[in-house]
Amino acid sequence: MSDCIFCKIIAGDIPSDTLWEDENVIVFRDIDPKAPTHVLIVPKEHIVTFADFKEGQGDILLSMSKAARAVAEAEGVLDSGYRLIVNNGPDGGQEVLHLHMHLFGGRPIGPMIKRAE
Ligand code: AMP
């Protein structure tokens with residue numbers, strides 16, 4: 001999609017600190033990291049949310065899993081642990097409307113979500 005920032009990164013039109021890629025997925029460092037390791041695992045195809053996978057796209061999910069493991073290993077967090085988060089839609093806090101999985105590690109990531117007051 002022409003106005004999608006992640007599509008521009010995938011096309012090489014915007015620079016990124018890319019750590020890993022295969023034919024389906026690219027992994028680059030988040031520009032505003034919230035943990036010592038904070039990377040984004042992004043399908044190269046413009047899929048908007050996790051709910052938008054279609055039949056025949058299972059290989060993209062498998063690549064996302066492979067990417068998470070490879071990058072966690074390369075970043076030295078495979079054994080210490082890490083968190084994977086996919087934000088979906090407005091209440092999920094999704095700001096970029098191109099599916100991406102955050103991987104956070106390198107310190108204890110803390111409670112899963114903050115309880116509402
Ligand atoms: P989300 O709120 O789940 O949509 O997360 C979007 C993430 O994309 C945020 O953590 C941003 O810091 C990150 N981000 C936005 N623009 C860029 C960029 N050009 N390169 C790397 N990360 C980016």
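Order of appearance sets the numbers: ligands from 1, and atoms from 1 within every ligand. Keep in mind it's a predicted model, so treat the numbers as computed, not measured.
Any N or O atom pair closer than 3.5 Å counts here, and Val96 shares at least one such pair with ligand 1.
The distance from the CG atom of Leu40 to the OG1 atom of Thr18 is 10.5 Å, given to the nearest 0.5 Å. Rounded to the nearest 0.5 Å, atoms CZ (Arg107) and CD1 (Ile109) are 4.5 Å apart. Note that NE2 of His100 is 10.5 Å distant from CD1 of Ile85, once rounded to the nearest 0.5 Å.
Using a 4.0 Å cut-off between heavy atoms, His102 contacts ligand 1 through its side chain alone, with no backbone atom that close. Residue contacts with ligand 1, taken as heavy atom pairs separated by less than 4.0 Å, involve Ile9 solely via side-chain atoms from C-beta onward. Under 4.0 Å from ligand 1, heavy atoms of Asp30 appear from its side chain as well as its backbone.
With respect to atom 15 (C) of ligand 1, the closest heavy atom belonging to the protein is Ile31 CG2, 4.2 Å. Among protein heavy atoms, atom 5 (O) of ligand 1 sits closest to His100 NE2, 3.1 Å. Given atom 4 (O) of ligand 1, the protein heavy atom at minimum distance is Glu95 N, 2.6 Å. Looking only at heavy atoms of the protein, atom 2 (O) of ligand 1 is closest to Gly93 O, 2.9 Å.
Partners of Ser80 according to the side chain to side chain contact (heavy atoms under 4.5 Å, CB included) rule, which considers only residues two or more places apart in sequence or in another chain, are Val77. For the ring pair (Phe, Tyr, Trp, His ring centres under 6.0 Å) test, residues two or more places apart in sequence or in another chain that qualify with Phe104 are His38, His102.
Within ligand 1, the atoms closer than 4.0 Å to a non-hydrogen atom of Phe28 are 21 (C), numbered from 1 in the order shown. Each of the atoms 12 (O) of ligand 1 lies under 4.0 Å from some heavy atom of Asp32. Remark: ligand 1 atoms within the under-4.0 Å shell around heavy atoms of Leu40 are 8 (O), 13 (C), 22 (N).
No side-chain donor-acceptor contact under 3.5 Å links Lys44 to the backbone of Ile60.
Within 6.0 Å of atom NZ in Lys54, 12 or fewer heavy atoms from other residues, nucleotides or ligands are found, so the atom counts as exposed in its surroundings.
Checked against Ile41 for a side-chain contact (heavy atoms from CB on, under 4.5 Å), the options Val71, Val27, Leu99, Ile26 give a single hit: Val27.
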